[in-house]
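Worth saying up front: this structure is predicted, and the values here are computed from it rather than measured.
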Number of protein chains: 2
Amino acid sequence: MASARDAEEAAADKPAGPDKRRMILDAAVVAFAKRGFHACRVSDIADEANVAYGLVYHYFRSKDEVLDTLFLERWNVLLEVITEIDHQTLPARDKLYAIASFIVDSYRHDPDLMKVIIVEVTRAANSFGRTHLTAIREAYALIAGIVEKAQADGSFRDAVTPGFAALAFYGAIEQVLTGWIFDMLPRGDEEFDQAKAFIVETICGGLDAAAIHGTIGRPPEPSDRMGR
Amino acid sequence: MASARDAEEAAADKPAGPDKRRMILDAAVVAFAKRGFHACRVSDIADEANVAYGLVYHYFRSKDEVLDTLFLERWNVLLEVITEIDHQTLPARDKLYAIASFIVDSYRHDPDLMKVIIVEVTRAANSFGRTHLTAIREAYALIAGIVEKAQADGSFRDAVTPGFAALAFYGAIEQVLTGWIFDMLPRGDEEFDQAKAFIVETICGGLDAAAIHGTIGRPPEPSDRMGR
DNA sequence: CCCCGGACTGACTGGTCAGTCAACTGGAGA
DNA sequence: TCTCCAGTTGACTGACCAGTCAGTCCGGGG
């Protein structure tokens, strides 16, 4: 991950080379997380990084590019990790657990970064979400692939399509992170680990006490309430 | 729902009384959906409503108040509907289906409104999401209550807490809507109805082919990958 | 007939920022 | 010593836009 940076630092022989670009990126995470991308001024980033305003524009073409960089840097790691997990020989359920685990741990490790990624990109349908749609879809496709294989070998039933299962799985994860981001859910090592288990349990095990697996229950009559 | 408006119109005896306030609200939905709240200018709303700029400020104190109104108007309906569903004597699974159904149908009926509510409020941790947190939590609490009762009477197993199940359930719904909002998922009457069934099936029935319900599977060893 | 007040209009103001740029610094090489 | 230039600085500009306000229009009551 940080190998390029390590090499550069070693070559430059600076004990704790400031690496202003990195400082700006890290400061941007804090600033974006605190006030949100729109409300955050470029001067907030510069201040947080203890760096002159103009330097941000030395390293990045625009405020947008700072967020893009932050997102892609991390999302590519996620994509790599999922791919790697998928290549292991593991029950699908364990693969999903490993993925949930990685994402939850990412939040535990750097809540601000994950908050920014989720709130400003992954869920921002009118701005960055659109521009990074391809990368986001890739994650879904990877998860769907895991489900599909499990359905093929019979370890998952095929009551729902793989794409749909991927959506629900990732949706549950993001919703839990959102719960933490909004301070709706208690945070703590115990809660984080419990969340991983609960996510997988909910999506894989289901809620029904007597699940007659294999047959999809025909939907009950729909409610007719339609407002507005 | 629109009874207050009907009464007003009847009293005023206007054949198609413009009701500019409503026109502004409806125009705002279109404008916010198209460009997002931040990128949308107040003049966009006024233009869309065929109304003078200043009139927006005659009916609303600020641009924010327009969104607040839009959100609360609809969210209160949702809260009412969930409460009503909960009061019926129905298996928990059917209650959840009715809720999913109502939300999906809300999207079917007015995709722009739901897009605005989800993107600009429900998932906006730094702006409106915070200010409407109480209302949002209410919906979770209602859903959690349904799960809790089902666990008490034994129709749902208690491998996960009610609050967590509510989170996953609502998260799955929102993620599906997000899929439509992002144009990641095909839209159509068939897809909408399938989605309702899939959401409930995923959350209630689970993915595992051989779910040994009643015992919570101990988590497999976690992945140690930790990046950044 | 006039007055009042609510509905309505849109030009204008004040403040806010993203992005620019001219200037400065310090170290490496000639 | 003198370039040179990447890295660095922060004052400044130009655009944009939420919100204001002075004023018009019109219907109803006196």
Side-chain angles (χ1 to χ4, degrees), chain A residues 4-5 7-28 31-32 34-70 116 120 124 126-128 131, chain B residues 4-5 8-28 30-32 34-70 116 120 124 126-128 131:
Chain A
R5 203 211 137 160
E8 191 187 315
E9 216 167 65
D13 191 53
K14 280 177 200 158
D19 195 354
K20 301 278 177 90
R21 196 185 118 98
R22 187 76 252 159
M23 285 170 68
I24 290 169
L25 248 11
D26 291 344
F32 289 161
K34 203 178 307 180
R35 322 192 41 199
F37 179 81
H38 283 288
C40 165
R41 284 160 280 130
V42 173
S43 63
D44 291 336
I45 303 176
D47 290 351
E48 182 72 39
N50 279 315
V51 133
Y53 186 96
L55 197 61
V56 175
Y57 287 90
H58 180 73
Y59 287 109
F60 302 94
R61 258 190 306 253
S62 66
K63 188 185 165 191
D64 283 20
E65 204 186 77
V66 177
L67 217 207
D68 286 337
T69 306
L70 245 19
V116 170
E120 309 294 348
N126 292 303
S127 49
F128 293 91
T131 74
Chain B
R5 203 209 136 168
E8 191 186 315
E9 221 167 60
D13 191 53
K14 280 177 202 159
D19 197 352
K20 301 278 178 89
R21 195 186 120 99
R22 187 78 253 159
M23 284 171 69
I24 291 169
L25 248 11
D26 290 345
V30 176
F32 290 161
K34 204 178 304 181
R35 322 191 43 198
F37 179 82
H38 284 289
C40 165
R41 284 158 281 132
V42 173
S43 64
D44 292 337
I45 303 176
D47 290 352
E48 182 71 39
N50 279 312
V51 136
Y53 186 96
L55 196 60
V56 175
Y57 287 91
H58 180 70
Y59 287 110
F60 302 95
R61 258 189 305 253
S62 66
K63 188 185 165 191
D64 284 21
E65 203 186 78
V66 177
L67 217 207
D68 286 338
T69 306
L70 246 17
V116 170
E120 309 294 349
N126 292 303
S127 46
F128 293 90
T131 74

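Side-chain contact check for B:Leu25 versus B:Tyr59: every heavy-atom pair is 4.5 Å or farther apart. Inter-residue side-chain proximity for B:His58 and B:Leu55 is flagged as met; some heavy-atom pair is nearer than 4.5 Å. Residues A:Glu120 and B:Asn126 have side chains in contact (heavy-atom distance under 4.5 Å, counting atoms from C-beta outward).
To the nearest angstrom, P of D:dG19 lies 10 Å from CD of B:Glu65. Between the P atom of D:dT8 and the CZ atom of A:Arg21 lies a distance of 13 Å, rounded to the nearest Å. In this structure, B:Phe60 places its CZ atom 15 Å from C1' of C:dC8, rounding to the nearest Å. Here the P atom of nucleotide D:dG7 and the CE atom of A:Met23 are 15 Å apart, to the nearest Å. B:Ile45 places its CD1 atom 13 Å from the C1' atom of D:dG19, with the value rounded to the nearest Å. Atom CG of B:Leu55 is separated from atom P of C:dG6 by 15 Å (rounded to the nearest Å).
Regarding contacts with the backbone of C:dA7, every side-chain N or O of B:Lys20 stays at 4.0 angstrom or more from both OP1 and OP2. Between B:His58 and C:dA7 there is a side-chain polar atom (N or O) within less than 4.0 angstrom of OP1 or OP2.
Between the side chain of A:Asp44 and the backbone N or O of A:Arg41 there is at least one donor-acceptor pair closer than 3.5 Å.
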Taking it one step at a time, do B:Asp68 and B:Phe60 satisfy side-chain contact (heavy atoms from CB on, under 4.5 Å)? CA-CA 10 Å; B:Asp68 286 338; B:Phe60 302 95; over 6 Å; no
Sugar-phosphate atoms are those with a prime plus P, OP1 and OP2; base atoms are the rest. Using that split, label each nucleotide of nucleotides 15-21 of chain C B, S or - for protein heavy atoms under 4.0 Å, 5' to 3'. --SBBB-
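For the pair B:Lys63 and B:Phe37, the cation-pi criterion (under 6.0 Å, within 45° of the ring axis) is fulfilled.
Using a 4.0 Å heavy-atom cutoff across all strands shown, A:Tyr59 reaches sugar-phosphate atoms only and no base atom.
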